[in-house]
2 protein chains.
Amino acid sequence: MIKEKLRRLGLQLSPQRLAILKVLEGNTRHPSAEDIYKQLKPEYPSLSLATVYNTLEVLARAQEIQVIRIKGDKRHFDPNTKPHGHFLCRVCGSIHDLDVVSLPIKTPLNVNGYVVEEYKIYFYGTCPVCREKSAKEG
Amino acid sequence: MIKEKLRRLGLQLSPQRLAILKVLEGNTRHPSAEDIYKQLKPEYPSLSLATVYNTLEVLARAQEIQVIRIKGDKRHFDPNTKPHGHFLCRVCGSIHDLDVVSLPIKTPLNVNGYVVEEYKIYFYGTCPVCREKSAKEG
DNA sequence: TTCCATTTTTATAATGATTATAATTTGTAT
DNA sequence: ATACAAATTATAATCATTATAAAAATGGAA
């Protein structure tokens with residue numbers, strides 16, 4: 001349980017942190033800090049963007065979420081910490097989980113003396129929805 | 001030849017562009033825009049950082065270089081446009097070419113309707129030099 | 001060559017996501 | 001209740017990158 005993990009790390013379960021956790025839980029939309037902020041602001045009017053950043057930092061450090069840097073200069077966050085690829089649709093900008101191949105990579109891995117502890121795979125292209133659209137229009 | 005490619009794109013071979021190309025050619029150090037700027041500035045005192053950015057943008061668009069986003073918020077550039085992985089040493093911050101597995105990925109590739117045109121693989125860990133060092137110290 | 005239009009370069013300002021700061025609030029343990 | 005520590009907040013600062021506009025360089029036509 002993620003709450004217990006936070007406790008173990010000596011972190012308090014503030015309403016803000018719980019709310020952010022709730023947004024992230026099972027979320028496959030890969031929200032940015034601002035996405036999360038905007039989603040919660042109506043319900044938590046006092047919420048600060050800085051708190052969202054702080055919490056995401058804490059969660060990432062605790063390995064409870066994964067940071068994705070696939071789109072522009074923004075960070076996106078994924079509660080699924082299992083290694084898996086990510087796909088950016090260059091047409092609509094959406095980000096999706098995608099595993100193209102099941103990689104035979106078990107970390108830590110030593111390759112020519114380079115010790116690999118972690119890896120990320122990013123795919124770029126067109127998502128099914130945008131592909132459908134362009135097929136109909138074209 | 002990269003020069004011919006630029007010509008074909010209707011781009012002029014200015015001294016600045018040629019200098020930047022020369023820095024990149026065969027360079028495996030994955031320099032950032034600022035790295036390139038600092039390296040050239042003594043020889044080209046009038047050179048502007050904006051020109052370096054412009055040229056890198058032009059080269060990337062022309063698919064003559066590859067953009068790497070593995071380290072912090074900075075972009076790094078690789079003249080090797082063949083698909084290959086990159087490794088970031090979390091100790092010293094150096095970036096290296098690294099192919100852990102020869103991926104059976106040929107683009108374009110259709111996976112569940114997602115059309116993959118391009119992909120990037122980033123590895124994170126400790127490079128051989130830093131590993132040696134910590135072994136001696138530890 | 002000279003002139004003109006276009007491209008490129010340059011210095012600088014603007015942008016925008018993220019981080020730092022400092023004051024205030026909240027939580028916890030005694 | 002009190003005091004100490006942690007978290008939140010508003011805001012300022014940072015820093016890589018992009019935009020802007022003026023100046024310089026280039027290339028082609030006359």
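Computed from heavy atoms alone, side chains included, the values below leave out hydrogens, waters and symmetry copies. The model shown is predicted, which means the values in this text are computed figures rather than measured ones.
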K.L.:
Measure the distance from NZ on A:K74 to P on C:dT15 and round it to the nearest whole Å.
P.N.:
16 Å
K.L.:
Rounded to the nearest angstrom, tell me the gap between atom NZ in A:K71 and atom P in C:dT18.
P.N.:
12 Å
K.L.:
Applying side chain to side chain contact (heavy atoms under 4.5 Å, CB included), can you list everything that pairs with A:A50, at least two apart in sequence or on another chain?
P.N.:
A:S48
K.L.:
In whole angstroms, how far is the C1' atom of C:dT8 from the CZ atom of B:R17?
P.N.:
6 Å
K.L.:
Judged by each residue's nearest nucleotide on DNA chain D, which is more toward the 5′ side, B:F77 or B:Q12?
P.N.:
B:F77
K.L.:
Would a distance-only check, ignoring hydrogens and angles, find a side-chain to backbone donor-acceptor pair under 3.5 Å from A:T55 to A:T51?
P.N.:
yes
K.L.:
Could you note down all residue pairs passing side-chain hydrogen bond (donor to acceptor under 3.5 Å, both in side chains) where residues 75-84 of chain A supplies at least one of them, sequence neighbours left out?
P.N.:
A:H30-A:D78, A:R75-B:D73, A:D78-A:H84, A:D78-A:H86, A:H84-A:H86, A:H84-A:D97
K.L.:
Could you give the CD-to-P distance, from A:E34 to C:dT15, as a whole number of Å?
P.N.:
16 Å
K.L.:
Side-chain contact test, heavy atoms from C-beta onward, threshold under 4.5 Å: evaluate it for B:L13 versus B:R7 and give yes or no.
P.N.:
yes
K.L.:
Walk along DNA chain D from 5' to 3' and tell me the first and last nucleotide with an atom closer than 4.0 Å to a non-hydrogen atom of chain A.
P.N.:
D:dA6 to D:dA10
K.L.:
As a quick check of understanding, evaluate side-chain contact (heavy atoms from CB on, under 4.5 Å) for B:V67 and B:L56, giving each step before the final call.
P.N.:
CA-CA 9 Å; B:V67 182; B:L56 291 169; over 6 Å; no
K.L.:
On DNA chain D, check which nucleotide each of B:E57 and B:P15 is closest to and give me the residue with the more 5' one.
P.N.:
B:E57
K.L.:
Could you pick out which residue, B:Q16 or A:Y53, lies toward the 5' side of DNA chain C when each is mapped onto its nearest nucleotide?
P.N.:
B:Q16
K.L.:
Is there a residue in residues 43-52 of chain B whose heavy atoms reach under 4.0 Å of DNA chain C, and which residues are they?
P.N.:
B:S46, B:L47, B:S48, B:A50, B:T51
K.L.:
What is the distance from CG of A:L11 to C1' of C:dG27, rounded to the nearest Å?
P.N.:
14 Å
K.L.:
Atom CD1 of A:I36 and atom C1' of C:dA17: how far apart are they, to the nearest Å?
P.N.:
14 Å
K.L.:
Nearest whole angstrom, please: distance from the P of C:dT18 to the CD1 of A:I68.
P.N.:
13 Å
K.L.:
Would you check, one step at a time, whether the test side-chain contact (heavy atoms from CB on, under 4.5 Å) holds for B:Q66 with B:K120?
P.N.:
CA-CA 10 Å; B:Q66 139 168 217; B:K120 293 187 189 290; 3.7 Å; yes
K.L.:
Going by the angle between their ring planes, with limits at 30° and 60°, are B:F87 and A:Y114 parallel, tilted or perpendicular?
P.N.:
perpendicular
K.L.:
Please identify each residue that fulfils salt bridge (Lys or Arg N to Asp or Glu O under 4.0 Å) with B:E117, with sequence neighbours left out.
P.N.:
A:R90
K.L.:
Can you list everything that forms a side chain to side chain contact (heavy atoms under 4.5 Å, CB included) with A:E57? Sequence neighbours excluded, please.
P.N.:
A:R61
